[in-house]
Amino acid sequence: QVQLVESGGGLVQAGGSLRLSCAASGNIFSINAMAWYRQAPGKQRELVAAITNGGSTDYADSVRGRFTISRDNAKNTGDLQMNGLKPEDTAVYYCYAVIRKYGESSYPYWGQGTQVTVSS
């Protein structure tokens, strides 16, 4: 079975940094696009950053220049480096990946989410 597990969330002060990691495991043939989403209290879930298998990236305007998404295709992992954190970055962050299992077509998977809290 395919599983995505996030780690690295926590409580930090404004201006601090966190590095979130997403590890994919299971019967994986390939991982296509990977992304990080977040959902803040009282808000809709939004795309934070995305990266293709070829390394192209896209960022939400609110995080561009502060966050960096990366992936390691050999390890089936992805990271989100978050610098200059602001209180408005507080949210549950979710790893998302489109994964093709052996013998199956691609299918989207979500991690369980990890809490990021930024204090003022």
Side-chain angles (χ1 to χ4, degrees):
Q1 299 296 317
V2 170
Q3 185 178 30
L4 296 179
V5 179
E6 302 103 329
S7 62
L11 173 64
V12 298
Q13 294 184 344
S17 298
L18 283 174
R19 188 176 185 89
L20 305 183
S21 296
C22 177
S25 62
N27 189 29
I28 299 172
F29 175 75
S30 65
I31 301 178
N32 297 315
M34 298 185 71
W36 289 90
Y37 287 76
R38 69 185 181 188
Q39 187 163 19
K43 298 184 65 177
Q44 296 180 337
R45 185 173 299 186
E46 64 174 344
L47 176 67
V48 178
I51 185 168
T52 68
N53 197 18
S56 298
T57 58
D58 188 43
Y59 297 92
D61 290 341
S62 59
V63 307
R64 186 175 292 108
R66 299 187 296 120
F67 291 9
T68 302
I69 188 171
S70 62
R71 63 187 292 175
D72 188 329
N73 293 335
K75 297 180 179 179
N76 289 332
T77 59
D79 290 346
L80 182 69
Q81 178 66 47
M82 304 184 295
N83 298 325
L85 284 163
K86 305 175 181 179
E88 50 263 45
D89 294 320
T90 295
V92 177
Y93 285 71
Y94 298 90
C95 180
Y96 169 91
V98 178
I99 299 174
R100 184 178 184 182
K101 297 170 64 177
Y102 286 102
E104 299 183 14
S105 59
S106 298
Y107 189 85
Y109 292 86
W110 291 90
Q112 82 287 350
T114 185
Q115 177 70 47
V116 172
T117 302
V118 184
S119 62
S120 60

If you measure from [atom1] on [X] to [atom2] on [Y], what distance do you get to the nearest 0.5 Å?
X	Y	atom1	atom2	value
Thr77	Met34	OG1	CE	7.0 Å
Tyr109	Lys101	OH	NZ	4.5 Å
Gln13	Ser120	CD	OG	9.5 Å

Parallel, tilted or perpendicular, as decided by the 30° and 60° cut-offs, for the rings of Phe67 and Tyr93: tilted

Is [X] linked to [Y] within one hydrophobic cluster, defined over Ile, Leu, Val, Met, Phe, Trp and Tyr using a side-chain heavy-atom separation of less than 4.5 Å?
X	Y	value
Val116	Leu11	no
Leu4	Leu20	yes
Val92	Ile69	no
Leu18	Leu80	yes
Val98	Leu47	yes

How close do [X] and [Y] get, heavy atom to heavy atom, and via which atoms?
X	Y	value
Ser17	Gln81	CB-NE2, 4.0 Å
Ile31	Ala97	CG2-CB, 4.1 Å
Ser70	Ile51	CA-CD1, 4.0 Å
Ile28	Val2	CG1-CG2, 4.1 Å

Would you check if the side chain of [X] reaches a backbone N or O of [Y] as a donor-acceptor pair within less than 3.5 Å?
X	Y	value
Glu6	Gln112	yes
Arg71	Ala35	no
Glu46	Arg38	no

With sequence neighbours excluded, what pairs up with Tyr59 under the ring-ring contact (aromatic ring centres under 6.0 Å, His included) test? none

Return each pair, listed once, that meets side chain to side chain donor-acceptor pair (under 3.5 Å) where at least one residue sits in residues 25-35; pairs must be two or more places apart or across chains. Asn32-Ser106

Kindly indicate whether the side chain of [X], heavy atoms from C-beta on, has any atom under 4.5 Å from the side chain of [Y].
X	Y	result
Asn53	Asn73	yes
Asp58	Arg64	yes
Arg19	Asp79	yes
Tyr94	Arg45	yes
Glu88	Val118	no
Met82	Asp89	no

Restricting to pairs with a member in residues 8-72, which pass disulfide bond (SG atoms under 2.5 Å apart), not counting sequence neighbours? Cys22-Cys95

